[in-house]
Amino acid sequence: MPVVYKKQDGTITIHTRNTSYQMKIGPLGLLLHTYYGPTINTDAGCSLVYRDRGFSPNPYDAGIDRTISADTLPLEYSCEAAGDYRAPALSINRKDGFMTGDMRYEGHQVVSGKYSLPGMPAVYADEAEAETLIVTLKEKNTGLKAVLKYGVLPELDVITRTAEIINGTSETVIISQAASAAVDIMTSADWDLIHFSGRHAGERTPYRTEIAQRETVISSRRGISSHHQNPFVILAEKETNEQYGQCIGMNLLWSGSFAANVSKDSYGSVHAVMGIQPDRFDYPLEPGESFIAPEIALTFSNEGLGRLSRNYHKLIAEHVCRGPWKNRRRPVLINNWEATEMNFTGEKIISIAKKAGELGVEMLVLDDGWFGKRDDDFAGLGDWYVNTNKLGCTMGELAEEVRKMGMKFGFWIEPEMVNEDSDLYREHPDWAFAAPDIDPIRDRYQLVLDFSREEVVDHVLDQICEVIDDCKADYIKMDMNRPLFDIYSRTAEYQSRGRLMYKYVLGVYRFMEKLLERYPDLLLEGCSGGGGRFDAGMLYYCPQIWCSDNTDAIDRVRIQYGTSFAYPIRTMGAHVSACPNYDTKRYVPIDTRAVVAMEGTFGYELDLNRLSEKEMKQVTAQIETFKKYWNILHCGLYYRLTDVMENRQEAAWMMVSEDGSEALLNIVTLDVTGNKPNRFIRCAGLDPDASYRDDETGMVYSGNLLMSTGLLMPMRAVEGHNLVTTPPEYDAFQIHFTKI
Ligand code: DGJ
């Protein structure tokens, strides 16, 4: 039984295969968190410390007992109004400004299967694979309720959480914080926070920082999850590394503004709260209305960060991504963006497609610039009709030409946006977010459409569906190239920023859901100026997301490394692009670019006509390699072998098939030095008692030695040079091992 209630000690314990999570109904009905860690079968209430701490207030009904304080006890869903001065999970004001929401345990139930969330992404599972725990908290004095839901996927060691706030009072209340979860770790050990931060073209760099007695906030206020901060954090014990130690992951399934607030409290406990961005979040909740916090997926690993990532990889690949493409090999695509930007004609696109088809590419994607008057950034967004003058044909005709070459066809859209120079904006200026009397903030010369309004979503969707119908698109790349700013809807009376931003994200989800309902076989790739909306919420709709606008293979090694902590390899859009690189101007050999792109969906983004004969042959061979290894690349268990942020000499990662019968080791050499000291790459995930054959050289290695001493870094002669002692810069190796 995954959920066990022990009436005698008031504990509710959730068990997964390797972990336990416990809460306890404490004094005055305060619901307290007691434990999250390796499996236990006891009351962990000993972690609760009842002491009279100065300046930590006591609930009125505690009477003269000064040891009961929400400020020092770990509330399962920490409520500001209960007297907790730490970062709250719940903060609500009455209309007169007075704080309310002192929640107490009312009851709980367990139901089979996993709950879903209306209009929002949520982990899904078969009835037999999951259980749901529903705990109801009720405000002490009023009819306000918080319904906490826990989805338990025992085999995956995953527990999901969400909270529904219900206004059962006769007054409007204003929610200023309703997080998805609070997690407390009662400990005297030192813990770190690992977060994934960056910028456009440099997303998701892992940073590790001590959790100290101060609040550290990882957050986005941009209306998208953002390039700058990812809605995923790890709490890790100081000693935890890839293979050893305790860590807890918090992965939010939300594509809008968010915040994770992590601190050590005055008495040494780690307190983490994560969910929707509370800054300027004023969400009016009318009597009878409810608010649902986005889902968060928690996992605990006692086997380091590698195991934590693999838990998420399985969860996201099998219980978040949906549709026919989730387990299918994705077509090797060619995208024209870096080759042409918006300066193309139909003829040019056909010439790119033709060469791609000859070399074995399986799908052409026509990027930005095919619609309206879109020849540059200034115009066209919002006018989703084909520019037949530019293409010289309709989209249907272009797709037909491409299909004759044996390839699938797809195209780019950016449905949430509008240029002022567009027919849509001229007709409906009030559909963009902007106050009527204030000039809006522009970004890439575009404004954001008010997707909180259903008629706006429907209009854009109808236009795009016409094009899809015409060309029977197999694939759509859905982009989003600016953050939200002027949060003002021309419909609402009261401009609640919190409500509008929340409804906006639901509008985006609605757009994608309707698109997929209408075209169930469509492969949807998410994008936001690269990886500005790479989050588990988007992956519910798009089984792959363009990882970054930075296609430089060496930068990508680092970006994909960071991304791999939370997200599976097969979700990361990655392409081989031209050299010198579009962004960094770096030169990296084409086979290395391919090895790096295979740590992702794999495709091309360049004009293949411009390659040398030799490189063209390499492209054909790369596509064959990808098809041969696809199963292990995308469905194998993923191991990070080097810390790419620390180790400047080489980057290595490997995939091991779930049945352990084969493994694929990938190595990219980074910095070079003359007469280089020996380097060994330590493998992981192998059977120590088995032997493995390198299928290219026939050499046989012991699994144990590959994981202890490691494999001596291979070296390859450079054309025209004798084999010396230093492997060339940016060389790459893919070594396939078969277990014998
Ligand atoms: C940003 C995307 O990340 C690029 O790949 C490309 O689609 C451009 N937008 C087009 O405007």
Side-chain angles (χ1 to χ4, degrees), residues 198-204 222 224-228 230 255 333-344 348-349 352 363-384 387 390 409-419 421-422 442-449 464 467 473 475-483 508 523-535 538 542 544-553 555-556 559-560 563 571-578 581-584 593 597 600-607:
R199 59 195 184 279
H200 175 240
E203 298 87 340
R204 292 174 295 286
R222 295 167 191 265
I224 49 174
S225 44
S226 87
H227 305 82
H228 308 76
N230 197 257
S255 311
L333 66 79
I334 176 93
N335 176 303
N336 69 298
W337 178 250
E338 286 197 10
T340 65
E341 295 190 339
M342 296 179 214
N343 308 317
F344 57 81
K348 177 74 191 167
I349 297 299
I352 291 178
M363 180 162 77
L364 174 95
V365 175
L366 178 59
D367 211 282
D368 193 356
W370 57 264
F371 51 91
K373 295 202 192 79
R374 183 78 168 166
D375 289 319
D376 51 39
D377 291 350
F378 293 101
L381 291 171
D383 296 342
W384 301 106
N387 184 342
K390 185 168 179 176
F409 180 79
F411 63 91
W412 177 98
I413 57 172
E414 195 180 1
E416 297 149 80
M417 297 295 152
V418 68
N419 284 117
D421 185 1
S422 68
R442 291 191 186 118
D443 194 338
R444 207 193 183 191
Y445 316 108
Q446 60 197 56
L447 304 180
V448 183
L449 287 172
I464 290 170
V467 187
Y475 161 107
I476 291 288
K477 173 178 173 186
M478 180 168 145
D479 205 348
M480 198 284 185
N481 282 303
R482 64 154 290 178
V508 175
L523 172 57
L524 190 58
E525 175 153 356
C527 177
S528 173
R533 208 161 47 182
F534 204 122
D535 56 66
M538 288 304 282
C542 322
Q544 59 192 61
I545 299 177
W546 183 226
C547 199
S548 177
D549 271 349
N550 186 342
T551 58
D552 174 297
D555 276 7
R556 267 305 186 102
I559 295 168
Q560 292 169 195
T563 308
T571 64
M572 299 184 203
H575 300 165
V576 174
S577 62
N581 181 263
Y582 183 79
D583 198 346
T584 62
R593 284 176 260 158
T601 54
F602 192 62
Y604 291 84
E605 186 158 339
L606 71 169
D607 184 351

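Remember, it's 1-based here, ligands and their atoms both numbered in the order they're listed.
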Using side chain to side chain donor-acceptor pair (under 3.5 Å) as the criterion, point out the one residue from D555, D552, T551 that pairs with N581. T551
Test: R556 cationic atom under 6.0 Å from W546 six-membered ring centre, within 45° of axis: yes
Walk me through it: do N387 and F371 pass the test side-chain contact (heavy atoms from CB on, under 4.5 Å)? CA-CA 5 Å; N387 184 342; F371 51 91; 5.9 Å; no
Charged N to carboxylate O below 4.0 Å: is that the case for R593 and E605? no
Ring pair (Phe, Tyr, Trp, His ring centres under 6.0 Å) against F411, all qualifying residues, sequence neighbours excluded: W370
Is it the case that atom CZ in R444 sees more than 12 heavy atoms from other parts of the structure closer than 6.0 Å? yes
Close-range residues for ligand 1, whose non-hydrogen atoms fall below the 4.0 Å threshold: W337, D367, D368, W412, R444, K477, D479, N481, C527, G529, G530, W546, D549
